Protein chains: 2
Amino acid sequence: MQNRPGRSLRVTINDVSTAAGVSAATVSRVLNGTAKVDSSLVDRVHDAVRDLGYRPNAAAQGLARGEWGTIGVLVPDLANPYFPEVLKAVSAVTRAHGRRMMVMESDEDPAVEHDLVEDLMRCCDGVLLCSPRMPRAELAELVSRKHPMVLFNRVVPGFAVPSISVDFHSGMTQVCGHLAQLGHRRAAYLSGPSASWANAERIRAFEAARAFGLEVTVVDCGATSRAGYDVVAGVLESGVTAILTYNDLVAFGALSKLREQGVEVPKEVSVIGFDDISLDRVAHSNLTTVSVPRDELGRRAGEILERLLVNGYDEDPLYLPMTLHVRDTSGPPRS
Amino acid sequence: MQNRPGRSLRVTINDVSTAAGVSAATVSRVLNGTAKVDSSLVDRVHDAVRDLGYRPNAAAQGLARGEWGTIGVLVPDLANPYFPEVLKAVSAVTRAHGRRMMVMESDEDPAVEHDLVEDLMRCCDGVLLCSPRMPRAELAELVSRKHPMVLFNRVVPGFAVPSISVDFHSGMTQVCGHLAQLGHRRAAYLSGPSASWANAERIRAFEAARAFGLEVTVVDCGATSRAGYDVVAGVLESGVTAILTYNDLVAFGALSKLREQGVEVPKEVSVIGFDDISLDRVAHSNLTTVSVPRDELGRRAGEILERLLVNGYDEDPLYLPMTLHVRDTSGPPRS
DNA sequence: CTGTTAGCGCATTCAA
DNA sequence: TTGAATGCGCTAACAG
């Protein structure tokens, strides 16, 4: 039978100090190494701590120190395969600096993002914010609170907030270059959320592509496997020889539909993903795609936030490069 | 330029009370609805809160209330595709009950698990523990603290701790039944971590299988795609007609190797996964497997923990059923 | 080196 | 209904 810890039976620093025959301050000093303490007292404190099973109350420490020892992360969708690795890296960095990690999810709902960030701000030393669709004005309001914060996967020009992102533009440029060199002239892009900065960055790459003879048509689609599945058939009719996607999920959906329709890939049409979601951990995917260094992204983000916390350091936006992986779904256009 | 919130410029309940011309107690009452307050005062408080941008300090609330408003979750590997959906569900339930979610990862290292749980206990009202390999003695020690805790994916007989898990035994029995009905007589099981309860449950199903004429040989393997890739070749030589795996990742690795070797699936050998990791979110996988209701698992776990916190309620271990999904990698044995 | 004192910011007694 | 006083558990500043 478990009880919730009745306040009375919770062991505090005073219980320890009494048991050890020292003051509470000494117990604190021993446990935190804040000051030199006579070794005999140190031993008595440690004994008492062990006997009583004492653990400092984190809330009390936070209050007294003015620091929570916690950072917060807000992501739009915990189940999106993009984030686990990022969180893993953030968690590792965070832990290495002696802090804990609070995680919240907005469930892709911009309406709640603001509240969640506010909530994080009142219980975390710093916030890592991945909020692709939050309106600029709301972001500005949050930034104005001067609470340590790092923007993740989104760069907002004119905001004095450290941010880390991926060079999506360059990534898509590599994709286009690959296709152009294979001889493709017309391609379609299954577009992601139109309000998303990350999507806009991808699209921006098509201007340069045009200069090199590759015309890319943007088609509204979405960010899910299902969306790719539904949209791809109509796109094919337009006579393109290659299909680019907002992310790998969309590409998987599209491939699935193409397979059903008996369309051969890459013989009849090339399909190129984005993000490289399924690479290492799940299957040896054969999708040509361009990869995000998700673990590095998480690690660097955690480090920037830590520096911000310790030094109050403000840094320039950081862009991580993407890498093209040519696999089995891209090839020369049908002639 | 961001500063870390200088203590002096942090707005407290006293700032609000001064601005509104009321006592701090009244501010507290208005914000928490703890008692009736004259409506004119209510308005003044709300105005002051808005003007000053006041947000209650979570640590101070926690201290005063004796509750942190936070639950903690410990998982062995954040990047394991098994957990995102679980965390998503836990997060939703937790939030619905007005609590936050702290997440920690043991990185599959039993040595640190104990410390992490201790850390969670001193900053969380309750703990959700997924720790497949922690020795029974250590678990017992943690349970003895009487801190609200729910065991996840592990049932420990004789412990008075609420636990929720999946009926792995039944799941593997379904797999064996499927194979037996197809006519298979000899199969190999690529075993997961030997210390894991979840693995033992799967193996337990092979006794019944034998009674139905299916002989399953257990082969040490591991829990990763790589392990499946490395081990499967040697297994094939033993002449089995079907390969069962600890999880889908292992199965994917095995399939990858088989494909390389030109072994046809399921014509020459059937391959059956476990967990159904890649189903909906990523690709339309064609692996025959048996699925875990991961979101329900997370939801139910969160609810049990919440009940424990509110009622101090102790419940019997809960087992969720698995579902067999017959797809393209299983078929009749070669003759 | 150690104990005593005084907050940290809030919720909750107790009086009024 | 409201305000003043007290304490949650801990750390830091101050004496000794």
Side-chain angles (χ1 to χ4, degrees), chain A residues 4-45 48-49 52-70 98 119 121-125, chain B residues 4-45 48-49 52-70 98 119 121-125:
Chain A
R4 87 188 117 146
R7 176 163 263 165
S8 51
L9 61 76
R10 195 142 47 180
V11 27
T12 78
I13 199 171
N14 289 310
D15 300 326
V16 175
S17 69
T18 306
V22 299
S23 74
T26 297
V27 176
S28 173
R29 287 194 265 259
V30 170
L31 265 39
N32 298 309
T34 313
K36 301 244 180 297
V37 175
D38 187 279
S39 68
S40 69
L41 294 192
V42 172
D43 291 342
R44 274 156 52 192
V45 169
V49 167
L52 277 56
Y54 169 71
R55 294 276 115 192
N57 178 316
Q61 285 185 317
L63 193 52
R65 292 209 260 245
E67 267 200 353
W68 289 277
T70 300
D119 197 32
M121 282 179 168
R122 62 198 206 83
C123 67
C124 296
D125 300 320
Chain B
R4 83 188 122 148
R7 178 164 261 164
S8 51
L9 62 78
R10 195 143 46 184
V11 28
T12 78
I13 198 172
N14 289 309
D15 300 324
V16 176
S17 70
T18 305
V22 299
S23 74
T26 296
V27 176
S28 172
R29 288 194 265 256
V30 170
L31 264 41
N32 299 309
T34 313
K36 300 240 180 304
V37 175
D38 188 280
S39 67
S40 69
L41 295 192
V42 171
D43 291 342
R44 274 154 55 192
V45 169
V49 166
L52 276 57
Y54 169 71
R55 295 277 115 193
N57 178 315
Q61 287 185 316
L63 232 207
R65 292 209 258 246
E67 266 201 354
W68 290 276
T70 299
D119 196 31
M121 282 180 168
R122 64 198 203 81
C123 66
C124 298
D125 300 319

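To find a chain, count down the sequence lines: A is the first, B the second, and so on, and within it residues start at 1. Small disclaimer: the values here were computed from a predicted structure and weren't measured.
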- Message: Roughly what angle, to 10°, lies between the helix axis at the start of the helix from C:dC1-D:dG16 to C:dA16-D:dT1 and the one at its end, five pairs per end?
- Response: 40°
- Message: Main chain of B:N14, side chain of B:T18: is a donor-acceptor contact present, judged purely on distance under 3.5 Å?
- Response: yes
- With the side chain defined as heavy atoms from C-beta on, A:S23 is closest, among C:dC1, C:dT4, C:dG9, to C:dT4
- Message: Under 4.0 Å from OP1 or OP2 of D:dT11: is there any side-chain N or O of A:N32 that close?
- Response: yes
- Query: Which of the following nucleotides, C:dG9, D:dG3, D:dT1, is nearest to the side chain of B:N57?
  - Reply: C:dG9
- Tell me which of B:R29 and B:A60 sits closer to the 5' end of DNA chain C, going by the nucleotide each one is nearest to. B:A60
- Message: Side-chain N or O of B:S28 versus OP1/OP2 of C:dC10: is the shortest distance under 4.0 Å?
- Response: no
- Message: Among D:dT2, C:dA11, C:dG3, which nucleotide has an atom closest to any side-chain atom of B:I13?
- Response: C:dA11
- Look at the side chain of B:A64 and decide which nucleotide, out of C:dA11, C:dT12, C:dT2, has an atom nearest to it. C:dA11
- Message: Using a heavy-atom cut-off of 4.0 Å across all strands, would you classify A:V22 as base, sugar-phosphate, or nothing?
- Response: sugar-phosphate
- Nearest-nucleotide pick for B:D38, side chain only, options being D:dC10, D:dT2, C:dA11: D:dT2
- Below 4.0 angstrom from OP1 or OP2 of C:dC10, is there any side-chain N or O of B:Q61? no
